[in-house]
2 protein chains.
Amino acid sequence: MTHLRVTIREVAAKAGVSHQTVSRVINESERVNPETRARVQAAIAELGFQPNAIARSMARGSTRTLACISPNLTDYTYASIIEGAETEARRHGYFLISASAPDAAAFTVLVEQLIASQRTEGLLALNPYIDERYQHLPAGVPTVIVGAQARDERSHSVSLDETNAGRMATQYLLSMGHRRIALITGPLEEDCSQDRQAGYQQALQEAGVDFDPTLVMEGDWSATSGHQAVECLLEDGADFSAIFAQNDRIAVGAIRALREAGLRVPEQVSVVGFDDMPLASYFDPPLTTVRQDIFYIGSEAARLLIQAIEQPGRQTQHVHLPVELIERGSTAKANPEKGGAREVQATR
Amino acid sequence: MTHLRVTIREVAAKAGVSHQTVSRVINESERVNPETRARVQAAIAELGFQPNAIARSMARGSTRTLACISPNLTDYTYASIIEGAETEARRHGYFLISASAPDAAAFTVLVEQLIASQRTEGLLALNPYIDERYQHLPAGVPTVIVGAQARDERSHSVSLDETNAGRMATQYLLSMGHRRIALITGPLEEDCSQDRQAGYQQALQEAGVDFDPTLVMEGDWSATSGHQAVECLLEDGADFSAIFAQNDRIAVGAIRALREAGLRVPEQVSVVGFDDMPLASYFDPPLTTVRQDIFYIGSEAARLLIQAIEQPGRQTQHVHLPVELIERGSTAKANPEKGGAREVQATR
DNA sequence: ATGAAAGCGCTAACAA
DNA sequence: TTGTTAGCGCTTTCAT
């Protein structure tokens with residue numbers, strides 16, 4: 001265990017050159033005599049020298065570190081985006097500090113500590129419109145908004161084509177003959193909930209089906225909220241033969257509630273989820289869902305951010321990623337005699 | 001948008017003091033005249049000065065940044081540990097750079113870039129015994145091994161009491177009258193798989209039940225592996241009335257395979273999982289499982305690491321965290337007439 | 001192709 | 001209590 005860390009100067013002394021020549025070698029400059037380079041490299045190996053990253057950042061004025069602030073790190077969607085971003089960042093020689101900010105206040109503090117302190121050179125803001133945090137996005141620092149479209153002109157963004165995704169899921173149910181399609185959304189503060197709902201309404205309209213607001217329930221992404229939403233729907237005596245749940249967890253909760261009410265999925269009610277989370281194919285029944293390539297969202301976001309850092313003049317970019325419908329066992333054709341309505345009314 | 005970042009010297013000029021006084025103010029030194037401090041603070045506010053974190057790291061020789069290397073960032077278990085660690089780190093004024101290393105080679109590179117470059121002051125190594133990566137743990141740098149016990153004397157560790165957890169799950173099934181209990185493990189390279197199995201065998205022995213190696217299958221934590229394991233078991237005509245799956249995903253796959261073979265859970269076969277992952281209570285049937293407080297594992301690991309950094313002389317510590325059995329619907333009493341054996345043999 | 005000098009923005013030691 | 005002087009370990013001019 002080396003106690004005092006070896007510096008460039010010790011290497012220089014050992015190799016009999018100036019520390020500047022060592023710097024040239026570690027920076028792979030061309031302008032070094034092959035012999036000298038070999039001597040220096042030998043010295044580096046012998047002493048186990050590792051350039052000090054902080055000193056380099058200091059001298060270069062660039063830290064090659066990105067920040068990623070997310071509501072949490074455990075939701076599968078966020079975690080995948082972060083993993084994608086981290087991998088891509090590293091591919092470009094950057095590191096990623098990811099931190100979770102449950103609320104806007106925590107977000108503000110983090111921006112200060114990470115961005116204003118110049119510890120990082122750019123920011124990945126995951127879902128910044130869930131609360132007031134977007135008002136504290138840093139100015140003058142490259143920023144990519146992930147999971148929503150930027151509302152200002154300074155920020156880049158990477159998001160799904162949410163409206164189209166909502167439309168696609170709804171069209172699929174319509175194509176199965178369903179006419180009474182309930183919708184369970186995420187929190188309406190979030191753009192994606194709104195956009196998915198817009199797509200839902202759009203698809204209904206295109207199919208000439210009237211939009212019925214009593215068929216729409218707001219959830220909070222949790223399975224529990226899906227469960228409750230279906231309970232409410234049933235209590236209100238709502239008539240529906242399909243549900244579009246805006247994420248897979250809501251779908252799972254909804255299916256559970258349907259079962260508890262004695263309704264069979266997909267025979268009596270079809271359910272479409274959103275995300276294609278890891279166990280979606282192992283649910284009972286396997287979940288029909290909208291798949292998003294979340295890992296790619298993350299890597300694309302990192303790519304954009306690094307581009308913005310390295311080419312400061314660049315125009316802001318807004319990337320929309322496509323989605324795909326995965327057909328599994330939680331959906332079936334509507335019962336034609338009944339015109340798509342449920343046969344059994346819950347007894348509760 | 002300030003173009004040239006404000007430095008301590010500009011603040012000093014504005015406040016009419018030396019830059020060192022400004023340094024004292026931002027470091028909350030006592031030795032500053034209240035009036036002077038007020039003047040400096042006014043100047044700081046007016047100029048929007050933010051100390052440069054890199055320069056501080058440079059001058060102090062300490063980066064207040066930790067590294068966390070994990071096989072991936074998306075597994076719920078890892079993500080939770082990371083979130084716990086990140087939160088705790090920040091509580092102590094540290095940042096956490098988390099990176100994923102799918103294999104030992106990637107791990108080695110990361111250790112070099114993060115640790116040897118002195119960018120970070122300590123390492124959280126999640127599950128380092130899944131491959132050869134533990135051989136590349138850095139020397140002379142505070143390290144906490146998470147999810148396994150340290151195999152050397154230099155590293156601290158935070159892990160579950162895995163043996164006891166395995167024992168507890170098995171004892172529970174035994175107490176329900178099951179005698180033929182199949183085990184589906186994680187990869188046997190990982191300590192936790194081994195330890196959970198040791199606990200399983202221990203419980204059997206204590207209950208006077210013979211250990212039957214044909215009832216043990218090795219999985220890879222995936223639902224698919226649980227599915228396959230049960231298929232093998234059934235093909236081999238194995239006789240069992242309960243399964244202890246070493247994680248919840250394996251359990252889900254196992255339940256699916258059981259169903260496909262026409263077996264009812266829990267009436268004919270009971271299944272116990274491990275982790276209590278978020279949707280465990282929403283599975284069908286709701287999963288009986290061993291709960292670990294993973295968030296706490298992370299925060300404890302970070303706490304230990306920071307302690308090791310700040311008090312270098314300290315002895316290595318090894319923390320074992322308790323687990324808890326959560327009883328839900330995937331387990332039931334064994335059929336007494338049959339002595340716990342399945343009634344129905346799969347027809348395949 | 002190599003070296004010398006200067007400085008990145010701050011903190012730490014010492015002096016006043 | 002405050003200011004002055006040196007660096008931290010490296011990169012970047014600019015000479016040579």
Side-chain angles (χ1 to χ4, degrees), chain A residues 2-41 43-44 47-65 93 113 115-121, chain B residues 2-41 43-44 47-65 93 113 115-121:
Chain A
T2 345
H3 245 305
L4 275 316
R5 309 299 297 207
V6 231
T7 75
I8 211 178
R9 286 170 212 275
E10 301 173 50
V11 176
K14 178 136 216 147
V17 296
S18 81
H19 72 273
Q20 174 46 17
T21 300
V22 178
S23 171
R24 284 196 186 96
V25 170
I26 61 182
N27 287 294
E28 286 160 353
S29 159
E30 305 298 302
R31 319 181 146 284
V32 180
N33 183 309
E35 269 176 43
T36 320
R37 153 167 295 138
R39 252 201 352 269
V40 170
Q41 276 164 343
I44 288 176
L47 296 170
F49 166 78
Q50 280 289 132
N52 179 311
I54 298 297
R56 298 181 101 172
S57 295
M58 177 84 183
R60 293 206 268 238
S62 117
T63 62
R64 305 217 104 199
T65 305
Q113 293 178 334
I115 308 293
S117 71
Q118 297 164 76
R119 189 189 298 269
T120 57
E121 305 185 62
Chain B
T2 346
H3 245 307
L4 275 317
R5 309 299 296 211
V6 228
T7 75
I8 210 178
R9 285 170 213 273
E10 301 172 51
V11 175
K14 177 137 216 149
V17 295
S18 82
H19 72 274
Q20 175 50 8
T21 300
V22 178
S23 171
R24 284 194 187 99
V25 171
I26 62 183
N27 287 293
E28 286 161 352
S29 157
E30 305 298 301
R31 322 181 144 282
V32 181
N33 183 308
E35 269 176 43
T36 321
R37 153 167 295 141
R39 257 204 345 272
V40 170
Q41 276 165 341
I44 289 176
L47 296 170
F49 166 78
Q50 279 289 131
N52 180 310
I54 299 297
R56 299 181 99 171
S57 295
M58 178 80 182
R60 291 205 271 238
S62 118
T63 62
R64 306 217 102 200
T65 304
Q113 293 178 334
I115 308 293
S117 72
Q118 295 163 78
R119 190 188 297 270
T120 57
E121 305 184 59

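Protein chains get the first letters and strands the later ones, always in sequence-line order, with residue 1 at the start of each.
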**Q.** Nearest-nucleotide pick for A:Phe49, side chain only, options being D:dC10, D:dG3, D:dG9
**A.** D:dC10

Q: Please report, rounded to the nearest Å, how far the C1' atom of D:dT2 is from the CG atom of B:Asn33.
A: 10 Å

Q: Using whole Å, report how far CD1 of B:Ile54 lies from P of C:dG9.
A: 12 Å

Q. Taking all atoms of both residues into account, what is the closest heavy-atom pair of A:Met58 and B:Ile54, and its distance?
A. N-CG2, 3.8 Å

Q: Looking only at non-hydrogen atoms, find the nearest pair between A:Arg5 and A:Glu10 and report the distance.
A: O-OE2, 3.5 Å

Q) For A:Arg119, which residues count as a salt bridge (Lys or Arg N to Asp or Glu O under 4.0 Å) partner, sequence neighbours excluded? A) none

Q. Where the side chain of B:Thr21 is concerned, which of D:dT2, D:dG9, C:dA4 is the nearest nucleotide?
A. D:dT2

Q. Rounded to whole angstrom units, what separation is found between the CG atom of B:Asn52 and the P atom of D:dC8?
A. 18 Å

Q: Rounded to the nearest angstrom, tell me the gap between atom CD in B:Gln50 and atom C1' in C:dC10.
A: 14 Å

(Q) Ignoring hydrogens, what is the shortest heavy-atom contact between B:Val25 and B:Arg37? Give both atom names and the distance. (A) CG2-CA, 4.1 Å

Q: Show your reasoning for whether side-chain hydrogen bond (donor to acceptor under 3.5 Å, both in side chains) applies to A:Arg39 and A:Asn33.
A: CA-CA 10 Å; A:Arg39 252 201 352 269; A:Asn33 183 309; over 6 Å; no

Q) Reading nucleotides 11-16 of chain D 5' to 3', which nucleotides get B (base under 4.0 Å from a protein heavy atom), which S (sugar-phosphate only), which -? A) BB----

Q.
Heavy atoms only, 4.0 Å cut-off, all strands: where does B:Thr36 land among base, sugar-phosphate and nothing?
A. sugar-phosphate

Q | Residue that, paired with A:Val11, satisfies side-chain contact (heavy atoms from CB on, under 4.5 Å) out of A:Ile26, A:Val17, A:Ile44 | A | A:Ile44

